[in-house]
Amino acid sequence: QGVLIAGLGTFGTVQEPLCLATGEVLVIRRPVFQMDTDAAWLRGLQYCKVTLPVNLEMKQLDLERLSRATSYSRQVVEGCVEETVRLFSSHMRKKENVAFTFRNVGVLARQRDKVHMRFYAHCTQWLEGTASLIAALRS
């Protein structure tokens, strides 16, 4: 499933074949981030265009679950998410280099004229659920 964060983009996974030296082909899952292409702050910036699978089930960020996990009210969590997206957008519009960390997922950053999402190796390993070598190859 894909998780949409309004004004920022969508986190999801894609399946890709991995050809091993033995000739064996493994199908692996790789995390991806698709930027919100309507975001005004993307103008003039380079970024990897990711295409999520058409059949990917899309869901909004589960604010209720975040509320339970953090012990903050849903309204507080919603406000924090909205303010974080606004803060990131503000830095982007001002053409400032900035990096936002998504706990246990990775880092979304702007460096010079490029925006990129780097996923942590342990996020990739968790998605794959197989040997760390395969997950390391993916990251």
Side-chain angles (χ1 to χ4, degrees):
Q1 101 186 14
V3 178
L4 171 68
I5 300 177
L8 191 61
T10 304
F11 290 91
T13 59
V14 294
Q15 291 189 339
E16 294 180 340
L18 176 64
C19 299
L20 303 177
T22 61
E24 184 182 359
V25 176
L26 296 174
V27 177
I28 57 172
R29 291 189 312 168
R30 180 174 63 88
V32 293
F33 178 70
Q34 183 181 53
M35 303 293 292
D36 180 354
T37 55
D38 292 335
W41 47 264
L42 271 178
R43 291 189 191 112
L45 293 175
Q46 297 175 15
Y47 60 97
C48 263
K49 294 185 179 164
V50 175
T51 303
L52 294 171
V54 176
N55 61 346
L56 185 68
E57 179 186 351
M58 302 300 272
K59 293 195 175 186
Q60 293 284 331
L61 184 61
D62 189 342
L63 299 173
E64 194 61 44
R65 186 173 176 187
L66 284 175
S67 172
R68 287 190 306 272
T70 61
S71 299
Y72 290 107
S73 72
R74 186 187 185 289
Q75 293 78 15
V76 168
V77 169
E78 185 174 9
C80 287
V81 169
E82 289 173 359
E83 284 300 315
T84 300
V85 171
R86 278 197 283 268
L87 179 61
F88 184 77
S89 300
S90 172
H91 284 291
M92 298 297 280
R93 276 192 295 277
K94 294 176 185 173
K95 299 182 179 185
E96 298 172 339
N97 291 337
V98 63
F100 274 67
T101 301
F102 293 88
R103 184 177 176 192
N104 296 326
V105 176
V107 178
L108 177 63
R110 178 205 167 124
Q111 293 176 333
R112 297 187 185 99
D113 62 346
K114 294 182 181 179
V115 180
H116 55 88
M117 179 73 202
R118 298 272 188 240
F119 289 92
Y120 295 136
H122 64 270
C123 174
T124 303
Q125 290 171 340
W126 176 79
L127 281 173
E128 191 55 45
T130 59
S132 60
L133 173 61
I134 294 171
L137 288 171
R138 291 184 53 218
S139 64

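Heads up: numbering here begins at 1 and tracks the sequence.
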Can you tell me how far apart [atom1] ([X]) and [atom2] ([Y]) are? Round to the nearest 0.5 Å.
X	Y	atom1	atom2	result
Arg103	Tyr120	CZ	OH	11.0 Å
Gln60	Thr10	CD	OG1	8.5 Å
Leu108	Phe119	CG	CZ	9.0 Å
Leu8	Leu61	CG	CG	10.0 Å
Arg74	Asp62	CZ	CG	8.5 Å
His91	Arg93	NE2	CZ	11.0 Å

Exercise: identify the closest heavy-atom pair between Arg110 and Glu96: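 Scanning both residues, the minimum pair turns out to be CD-O, 3.1 Å.
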Shortest non-hydrogen contact between Leu56 and Gly12, atoms and distance: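 Distance-wise, the nearest heavy atoms are CD2-CA, 4.5 Å.
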Other residues, nucleotides, ligands: >12 heavy atoms within 6.0 Å of Arg65 CZ: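 No, because the 6.0 Å sphere around CZ of Arg65 holds 12 heavy atoms or fewer from other groups.
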Single-linkage hydrophobic cluster Leu4~Val14, side-chain heavy atoms < 4.5 angstrom: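 No: no chain of side-chain contacts under 4.5 Å links Leu4 to Val14.
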Side chain to side chain contact (heavy atoms under 4.5 Å, CB included) evaluation trace for Phe100 with Thr84: CA-CA 9 Å; Phe100 274 67; Thr84 300; 3.6 Å; yes
Would you mind reporting whether [Y] and [X] have side-chain heavy atoms less than 4.5 Å apart?
X	Y	value
Leu63	Gln75	no
Gln34	Lys49	no
Met117	Val107	no

Full working for side chain to side chain contact (heavy atoms under 4.5 Å, CB included) between His122 and Asn104: CA-CA 8 Å; His122 64 270; Asn104 296 326; 3.9 Å; yes
Mutual orientation of the aromatic rings belonging to Phe11 and Phe33 [parallel < 30°, tilted 30-60°, perpendicular > 60°]: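 Answer is tilted, since the angle falls between 30° and 60°.
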Backbone of Val85 reached by a side-chain donor or acceptor of Ser89 within 3.5 Å: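 Looks like yes, one N/O pair under 3.5 Å.
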Short side-chain to backbone donor-acceptor contact, Thr70 and Leu66, under 3.5 Å: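 Confirmed, Thr70 side chain pairs with Leu66 backbone.
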